[in-house]
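Below, read A as the first sequence line, B as the second, and so on, with proteins coming before strands; counting in each chain starts at 1. Just so you know, these numbers use all the heavy atoms, side chains as well, and skip hydrogens, waters and symmetry mates. Worth saying up front: this structure is predicted, and the values here are computed from it rather than measured.
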Number of protein chains: 2
Amino acid sequence: MNAGVEWALHSCLNLTWIEPGETVTATKLAAFYDLPAAYLNKQLQALAKAGILASTSGPRGGFRLARRPEDITLLDVVTAIEGREEAFRCNEILRQGPGGRADVDYRAACLISQAMSGAELAWRKELAGRTIADLKAAVEVAFPSTPESTRHHLANV
Amino acid sequence: MNAGVEWALHSCLNLTWIEPGETVTATKLAAFYDLPAAYLNKQLQALAKAGILASTSGPRGGFRLARRPEDITLLDVVTAIEGREEAFRCNEILRQGPGGRADVDYRAACLISQAMSGAELAWRKELAGRTIADLKAAVEVAFPSTPESTRHHLANV
DNA sequence: GCACGCATACTCGGATACTGATTGTCCGAGTTGTCATGG
DNA sequence: CCATGACAACTCGGACAATCAGTATCCGAGTATGCGTGC
């Protein structure tokens with residue numbers, strides 16, 4: 001799995017703590033964790049294209065959340081970075097085997113494919129059940145100073 | 001995810017249908033689905049090293065299941081090929097951020113890491129709940145001729 | 001003093017190199033079956 | 001005819017390349033800001 005997923009999740013979380021209407025540049029988000037700015041920018045672009053972030057060019061520009069944190073699931077973020085296709089992709093090798101038919105969709109018929117897809121569905125379901133807002137709330141309970149600290153660092157550094 | 005996982009699962013399943021005590025060479029298992037024999041051999045080696053298959057060298061040699069199909073879960077096979085580490089590996093970027101401590105294990109403390117690990121745990125649990133024997137039984141119900149057909153092809157080709 | 005136009009600096013966005021893992025291939029170590037040979 | 005030993009063929013096992021996705025970087029398009037100029 002791409003390392004960009006971790007960066008994207010942390011960045012989305014940090015963006016929940018900025019003032020409404022404000023934006024943060026990719027450079028500042030990268031400096032926060034000492035990440036390569038240009039590459040993080042690439043990931044943020046993917047999030048923007050997926051409708052999770054909104055981007056503004058020029059001075060005073062940057063990124064901000066495009067929706068409420070309650071409406072952004074972890075699955076949304078992961079899918080935006082990793083793409084929509086499943087980790088286990090069935091190559092339908094049964095088609096090459098004895099008795100293999102060209103007119104059968106083995107992605108649906110193959111029991112191994114079904115089992116692997118079922119497991120991945122459970123994974124997706126788990127991720128879809130948690131939102132950025134959930135994380136935000138949990139962090140604020142565990143570390144009450146984080147919102148103010150994050151806002152401060154993103155504004156000044 | 002490695003394509004070898006699909007090959008390994010199908011090969012394990014095919015090995016459930018050979019006569020007890022018999023073995024099948026990597027070449028024959030590869031010819032079954034028209035796969036690159038040497039590369040499949042590499043995957044079978046990994047399964048042997050994990051204790052899922054037993055290998056024999058020399059003439060009349062080959063691979064066979066090392067345990068009963070009931071005792072081989074899908075997770076066992078996936079782990080043998082893919083390795084033990086999680087797909088989402090937390091790089092603990094919080095350590096680089098403001099307030100990051102060197103003596104904290106952020107793999108355990110970071111809430112994002114927890115959420116991602118939780119989802120992966122659900123995935124693992126699903127895979128651990130299905131065995132090769134389950135697949136074997138399901139295939140034999142859906143396609144009753146498969147055992148005899150598979151045994152025949154592996155013996156003759 | 002005020003409005004307008006221009007230059008400037010800053011940001012995202014996509015096109016372009018680089019690296020490591022996955023994929024694929026090859027040859028050697030080891031073992032078993034076979035055959036020739038001798039008793 | 002039977003036992004023995006060497007040979008040969010076949011298999012796994014690990015070491016060695018090729019390819020591709022992921023990683024990282026750079027430069028250009030677009031925009032809001034600030035300044036200078038003219039009215």
Side-chain angles (χ1 to χ4, degrees), chain A residues 1-8 11 15 18 21-31 33-66 78 80-89 91 93 154, chain B residues 1-8 11 15 18 21-31 33-64 66 78 80-89 91 93 154 157:
Chain A
M1 178 168 298
N2 291 5
V5 172
E6 183 180 8
W7 307 354
S11 295
L15 285 174
I18 66 172
E22 289 294 310
T23 64
V24 182
T25 68
T27 303
K28 286 187 181 177
L29 284 171
Y33 295 120
D34 194 26
L35 302 174
Y39 189 32
L40 175 64
N41 185 27
K42 192 181 180 65
Q43 316 293 345
L44 298 177
Q45 282 177 36
L47 293 176
K49 195 167 285 183
I52 296 171
L53 298 186
S55 62
T56 312
S57 285
R60 302 281 300 169
F63 293 92
R64 61 178 174 82
L65 292 181
V78 171
I81 304 294
E82 284 283 302
R84 184 157 283 122
E85 61 182 334
E86 300 193 359
F88 178 89
R89 54 185 168 82
N91 290 102
I93 66 175
L154 285 179
Chain B
M1 178 170 297
N2 291 6
V5 171
E6 183 181 8
W7 306 356
S11 294
L15 285 174
I18 65 173
E22 289 293 310
T23 65
V24 183
T25 69
T27 303
K28 286 186 179 178
L29 283 170
Y33 295 119
D34 194 25
L35 302 174
Y39 190 31
L40 175 63
N41 185 29
K42 194 180 179 64
Q43 316 294 346
L44 298 178
Q45 281 176 38
L47 294 177
K49 194 166 285 185
I52 296 171
L53 299 185
S55 62
T56 312
S57 287
R60 301 283 298 169
F63 292 92
R64 61 179 174 79
V78 171
I81 303 294
E82 284 283 301
R84 183 156 284 123
E85 60 182 336
E86 299 193 1
F88 177 89
R89 55 185 168 82
N91 291 103
I93 65 176
L154 285 178
V157 177

Nearest nucleotide by nearest heavy atom, which residue falls closer to the 5' end of DNA chain D, A:A38 or A:G58?
-> A:A38
note: A:Y39, atom OH; C:dA17, atom P; distance rounded to Å ~ 18 Å
Between A:L154 and A:L29, is any pair of side-chain heavy atoms under 4.5 Å apart?
-> yes
Integer-rounded Å distance: D:dT23 P and B:I93 CD1 = 13 Å
To the nearest Å, how far apart are B:L40 CG and C:dT23 C1'?
-> 13 Å
Contact under 4.0 Å: B:N41 side-chain N or O vs D:dG13 OP1/OP2 = no
May I ask you to test the B:S11-B:L40 pair for a side-chain heavy-atom distance under 4.5 Å?
-> yes
Along DNA chain C (nearest heavy atom to each residue), the more 5'-positioned of A:K49 and A:G61 | A:G61
Which nucleotide in the set C:dG13, D:dC12, C:dT23 lies at the smallest distance from any side-chain heavy atom of B:F63?
-> D:dC12
From the options C:dT25, C:dC10, C:dC12, select the nucleotide whose nearest atom is closest to the side chain of A:P59.
-> C:dC10
Please give, in whole Å, the distance from C:dC12 P to A:K28 NZ?
-> 11 Å
For B:N2 and B:E82, run side-chain contact (heavy atoms from CB on, under 4.5 Å): C-alpha distance rounded to whole Å, both residues' side-chain angles, the deciding distance at 0.1 Å, then the answer.
-> CA-CA 7 Å; B:N2 291 6; B:E82 284 283 301; 2.9 Å; yes
Counting just side-chain N and O atoms, does A:S57 come under 4.0 Å of either OP1 or OP2 of C:dC10?
-> no
Nearest-Å distance, NZ (A:K42) to P (D:dT25)?
-> 13 Å
Taking atom CG of A:L47 and atom CD1 of A:I52, what is their separation to the nearest 0.5 Å?
-> 5.0 Å
Whole-Å gap separating P (C:dA21) and CG (B:N2) = 12 Å
Measure the CD1-NZ distance between A:I81 and A:K42 for me, rounded to the nearest 0.5 Å.
-> 10.5 Å
Tell me what B:G62 touches on the nucleic acid: a base, only sugar-phosphate, or nothing, going by heavy atoms under 4.0 Å.
-> sugar-phosphate
Considering only heavy side-chain atoms of A:Q45, the closest of C:dG14, C:dT23, D:dG13 is C:dG14
Between A:T56 and A:W7, the residue closer to the 5' end of DNA chain D by nearest nucleotide is A:W7
Write down the distance between CG (B:L47) and C1' (D:dG14), rounded to a whole number of angstrom.
-> 16 Å
A:I81 CD1 to D:dA21 P: how many Å, rounded?
-> 18 Å
